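Keep in mind that the numbers below use all heavy atoms, side chains included, and drop hydrogens, waters and symmetry copies. Since we're looking at a predicted model, the values are computed, not measured. Count residues from 1 along the sequence.
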Amino acid sequence: MSHRDETNDYGTNQLVAAAVPADQKSAPMSIATISSGFEKGDFLVREEKGQRVYFDFFEEAFNYIAYKGYIRMPKEEEREWMDTMNAVHASVKGGMKYNTGKLLMVLFRPIEIEKE
């Protein structure tokens with residue numbers, strides 16, 4: 001897989017996958033998100049099974065989820081997920097019951113499926 005340098009919202013460079021193999025796009029995956037704007041901690045990681053973990057620093061949140069094997073989605077796919085989640089939150093009549101924060105990053109991890 002090739003990689004390219006890309007500047008993120010913080011103005012720093014990061015290594016980003018340029019493309020996701022076609023077979024991986026159709027493979028089952030688990031997503032995780034990093035959002036900001038919460039009282040318990042400045043950053044929130046939401047991951048599989050609804051687990052939520054708060055952090056005071058972005059680096060802590062990113063390292064936590066990266067250690068679990070999640071990687072950042074390619075920009076176009078990440079934008080699609082962000083647009084979808086924002087539309088879902090906006091569709092709730094009267095607004096969301098809880099603070100959803102500002103979605104900063106969507107990450108994924110392929111799910112291993114056992115074949116019989």
Side-chain angles (χ1 to χ4, degrees):
M1 181 183 303
S2 64
H3 292 84
R4 62 186 155 102
D5 244 350
E6 189 168 295
T7 303
N8 65 14
D9 294 338
Y10 299 102
T12 58
N13 287 332
Q14 60 184 343
L15 205 55
V16 177
V20 175
D23 61 331
Q24 188 172 340
K25 287 182 180 179
S26 62
M29 70 174 141
S30 177
I31 67 166
T33 59
I34 300 177
S35 301
S36 64
F38 302 92
E39 291 182 24
K40 290 183 182 180
D42 291 329
F43 299 95
L44 169 63
V45 171
R46 288 186 182 99
E47 57 178 310
E48 60 190 339
K49 298 179 183 170
Q51 184 172 338
R52 296 179 304 266
V53 185
Y54 293 89
F55 296 91
D56 292 323
F57 299 98
F58 175 81
E59 296 84 355
E60 293 172 334
F62 184 85
N63 288 338
Y64 168 83
I65 203 65
Y67 182 77
K68 291 187 162 206
Y70 287 87
I71 57 175
R72 189 168 187 183
M73 286 184 173
K75 266 302 191 208
E76 280 185 35
E77 193 172 344
E78 182 181 50
R79 175 56 40 208
E80 286 179 34
W81 275 100
M82 287 183 166
D83 290 346
T84 298
M85 286 186 256
N86 289 333
V88 168
H89 292 160
S91 73
V92 176
K93 209 174 208 176
M96 294 289 290
K97 183 177 180 179
Y98 299 102
N99 177 12
T100 58
K102 176 171 176 37
L103 184 56
L104 301 175
M105 188 178 285
V106 182
L107 304 99
F108 76 100
R109 176 177 69 186
I111 295 174
E112 298 288 327
I113 296 191
E114 295 181 26
K115 294 181 181 180
E116 296 180 14

Exercise. Does one hydrophobic cluster hold both L103 and M29, with members joined at side-chain heavy-atom distances below 4.5 Å?
Worked result: yes
For this session: Check the surroundings of atom OH in Y54: do more than 12 heavy atoms from other residues, nucleotides or ligands lie under 6.0 Å from it?
Result: yes
For this session: Count the heavy atoms belonging to other residues, nucleotides or ligands that lie under 6.0 Å from CD of E39, then report whether that count exceeds 12.
Result: no
Problem set entry | Centroid-centroid under 6.0 Å between F55 and F43 rings | no
Problem set entry | K40: side chain to side chain donor-acceptor pair (under 3.5 Å) partners, not counting sequence neighbours | none
For this session: Group every Ile, Leu, Val, Met, Phe, Trp and Tyr by side-chain heavy-atom contacts under 4.5 Å, then state whether F38 and V106 land in the same group.
Result: no
For this session: Could I get the full list of salt bridge (charged side-chain N to carboxylate O under 4.0 Å, His left out) partners for R52, not counting sequence neighbours?
Result: none
Exercise. Sequence neighbours excluded, which residues qualify as salt bridge (charged side-chain N to carboxylate O under 4.0 Å, His left out) partners of E60?
Worked result: none
Exercise. Which one of E47, M85, E78, R46 satisfies the side-chain contact (heavy atoms from CB on, under 4.5 Å) criterion with I31?
Worked result: M85
For this session: Rounded to the nearest 0.5 Å, what's the gap from OG1 on T33 to CE on M73? Could you check?
Result: 10.0 Å
Problem set entry | Shortest non-hydrogen contact between D56 and G41, atoms and distance | OD1-CA, 4.0 Å
For this session: Taking the side chain as every heavy atom from C-beta outward, state whether L104 and S35 have any atom pair closer than 4.5 Å.
Result: no
Exercise. Can you tell me how far CD of E48 sits from NZ of K68, rounded to the nearest 0.5 angstrom?
Worked result: 7.0 Å
For this session: Test side-chain contact (heavy atoms from CB on, under 4.5 Å) on M105 and F58 and set out the steps.
Result: CA-CA 11 Å; M105 188 178 285; F58 175 81; 3.6 Å; yes
Exercise. Hey, what do you get for OH (Y70) to OH (Y64), rounding to the nearest 0.5 Å?
Worked result: 9.0 Å
Exercise. Rounded to the nearest 0.5 Å, what separation is found between the CD1 atom of I34 and the NZ atom of K102?
Worked result: 13.5 Å
